[in-house]
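Structure first, commentary second.
Note on naming: letters A, B, ... go to the chains in the order of the sequence lines (proteins, then strands), and numbering restarts at 1 for each one.
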Amino acid sequence: MLTDAVNLLFERSDFFFELFVQHMVISLISIFFACVIGLVLGILISEKMGAAKPTLSVVNFLYTIPSLALLGLLIPFTGAGQTTAIIALTAYGLLPIVKNTHTGICNINPAIIEAARGMGSTRWQMLFKIKLPLAFPVIMSGFRNMVTMTISLTSIAAYIGAGGLGTAIFRGISTNNMAMVLVGSILTALLAVAVDLLLGVVERRVRRQRSERSRRHTLIGFGVAVLAVIALIGGTAFSSMQQQDTIRVTSKAFTEQLVMGEILSQYVDENTDYNIELTSAAGTSTIQPGLESGEYDMYVEYTGTGWAEVLHNEGVYQEDQFEDLQAQYNSKGITWTSMLGYENTYGIAVRTDVAEQYNLKTYSDLAAVSSELKFGGNPEFLERQGDGYSALCEEYGMEFASTIDLDTGLKYNTINAGEVDVIEIFTTDGQLGSADVVVLEDDRNFFPSYQAGVVVRQEVLDRHPDLNEVLARLNDCLDETTMAELNNRVDSNGEDPETVAHDFLVSAGLIEG
Amino acid sequence: MGTLTFEEIKADAIDPSIPAIEYDHVSKEYEKGSGVLALDDLTLSIQQGEFVMLVGSSGGGKTTMMKMVNGLIEPTSGVVKVAGHNVQDFDLINLRRHIGYSIQGSVLFPHMSVANNIAYVMKLEKADKAFIKERVHTLIEMVGLDDSYLKKFPHELSGGQQQRVGIARALANQPRLLLMDEPFGAVDTITRTSLQDEILHIYRETGVTIVFVTHDVGEALKLGTKLCVLDKGKVEQFDSPEAVVNNPATPYVERLMAGHRL
Ligand SMILES: Nc1ncnc2c1ncn2[C@@H]1O[C@H](COP(=O)(O)OP(=O)(O)O)[C@@H](O)[C@H]1O
Ligand SMILES: [Mg+2]
């Protein structure tokens, strides 16, 4: 496993380096804002005692919101992506800084403050010559906590498509690639430890230096160095973000979507002059706001998902409603440009021994014995309205003994290990062919149609009309069997989505080899 | 707070006909409406060049009385004047930089070297670097130490040495007036005696007006040209050491002076 990880790191060093840089940028910018805001707040509340309690309660409250929840709450306002990640990380970073600044200043011997005041210090001189230097050790320890915490927490940013080393972790989990998870985690931990050690050295040097002047020089030097790194990395990141001709492709975070993200971005990259930026995000609910706010330009969606989850329509979607679907999407400034030719619908599978034991063929058969069985599905399915878990249970009168949240990448391992008996599957799951499961028949046509298609922001099509024709060539380029094969190469053979997508595009004649 | 600066009244500060400090019907009630007075209708004048010792039991109002001189505490009623001008008319930041101040135990700034502690006010005043260096050198010798101490930090000094540096720091900006609130806190008798000799020496050499708080009657009698005995916010007696010892004005003074001689 460890050698796999090392090999992977060297093979895909460019990929990891890019994630590493993104990780640094997001962390450093968040740390910077948390410091500035935290210090100002901490100082203000130590000068105005009455404000301390309410302010500390608020930052303490922010600190206790679970990170995924905070990201979820922010998305409607600030969209998915780096901005949201930075806001959330800044909010978390506030507590240690505000609290330690406040504690550090309040714990100064009052006689020292009194002496400084009696000798004619102004408020500012008191702050900069007496209070902050004396509170420095306490502030510094809060700062070090905050920095390590922020670097670790930045992994979560990948959940909303902001990039960073978390991308490797999420992707590794989704594609059942433990080496990838390991590399992502180890790099994150190493970064945190390295930065903490560096800060320890700076702190010790500052304390050892006898004259105020050289102490100040060390601190200023360090500050300037950090700012320079932020400016440099942030500047390049920002300018590349600002580039007008960049097309931002995204995908949800499961294997097929990662492959489709690669197919879409490599295809457009090869067939146009635009720069392509590929990200991945948790799911439709995080991508759609980003698409509407202009953070993302295109991704592959499924008709049935769009119908229920984006448009919030009632009823089971069938393909004869496509015109209606397209019209409703257009009114949101989004267009379905090409239908890829395969369907990825939901299905229900049971372990073979269970199917034989109860002689299960259809969903209705399953319903009759459901109270004996454990069900595993991904969180999106378990939560989703319309064609999600609860609607399914209602339609067929199912009542499972228990349900477990399973990540898409782990469900076949979990059912084969006997931890659950029934799982929700996709018809294009790569591992489906090799897994020891039986797919049951949807005898009441409960699940809607889920044809895959490319969804694009209309503004992008208007700005780059040539995209219409380029994307149209993707019509019917795939079918379920091909898609399942591509998925299987990633899930079971451990190939990475980039290579698999490339091979497919070449063999389909969509790009040159 | 006013805008009057010490530079503007310099002539008054050295005019011997103008008292260094005047209290005119000064009262202080810390908790409004409580009726508890930390100072109760205090009226007295301290002439230039005097070494006034404020003595009395703890809680008598000595610190309160002293802190009104540099505006750290504002009277509830009455007027406190420095060099003939109401303290409240001064730019207090400016005033404080021209009044030497040393508080209980002479707390030094622990994060600054001895040199930077002494230079603190001069640096606030943005004095010339060469001047600061020269002055710091003069001061450290004035308080009986030498240049080898300048680079040390407060925690590397003994209690007595710290208090010497505290005195040097208070004298840095060549004040005409020095306020010292129990500056020789927790030090042994021998160190205390030598610190007392040091401050007497400085007083005679510079002619600075000193207001010095102590609860040690022996110290008060040894150092002061005048004693101000305070109890419960009222002046019991304000007179020369001889007069206070020989003719106590009230039973409180008599009890306080019992067993003490000049
Ligand atoms: N900041 C303050 N708030 C309320 N009461 C105070 C304050 N400072 C002093 N006092 C009270 O005023 C009285 C005089 O105190 P102080 O001037 O410190 O006396 P001394 O210096 O003679 O010991 C005491 O009763 C003390 O408790
Ligand atoms: Mg006192």
Would you give me the side-chain donor-acceptor pairs under 3.5 Å for residues 35-43 of chain A, sequence neighbours excluded?
none

Would you give me the side-chain donor-acceptor pairs under 3.5 Å for residues 187-198 of chain A, sequence neighbours excluded?
| unit_1 | atom_1 | unit_2 | atom_2 | d |
| --- | --- | --- | --- | --- |
| A:T188 | OG1 | A:G184 | O | 2.7 |
| A:D196 | OD1 | A:R144 | NE | 3.1 |

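Atom NZ of B:K28 sits in a crowded spot, with more than 12 heavy atoms from other residues, nucleotides or ligands closer than 6.0 Å. Surrounding CZ of A:F61 are at most 12 heavy atoms belonging to other residues, nucleotides or ligands under 6.0 Å away.
With sequence neighbours left out, the ring pair (Phe, Tyr, Trp, His ring centres under 6.0 Å) criterion links B:F6 to B:H98.
When all heavy atoms of B:I93 and A:G120 are compared, the pair lying nearest together is CG2-O, 3.3 Å. Looking at every heavy atom in both residues, B:Y120 comes nearest to A:Q125 through OH-O, 4.5 Å. Across every non-hydrogen atom of A:A115 and B:R169, the tightest pair is CB-NH2, 4.2 Å.
Between the CZ atom in A:R117 and the CG atom in B:L72 there is a gap of 5.0 Å [rounded to 0.5 Å]. In this structure, CD1 on B:I103 lies 9.0 Å from CD1 on A:I112, to the nearest 0.5 angstrom. From B:R96, atom CZ reaches atom OG of A:S121 across 9.0 Å, with rounding to the nearest 0.5 Å. A:K129 contributes atom NZ, which lies 6.5 Å from atom NZ of B:K123 (distance to the nearest 0.5 angstrom).
Residues A:P133 and B:F109 fail the side-chain proximity criterion, which asks for heavy atoms closer than 4.5 Å. Contact of the A:M119 side chain with the B:N70 side chain is not registered, since no non-hydrogen atoms from C-beta on lie closer than 4.5 Å.
The contact list for residues 90-111 of chain A toward chain B, using heavy atoms and a distance under 4.5 Å, reads A:N109, A:A111 by residue number.
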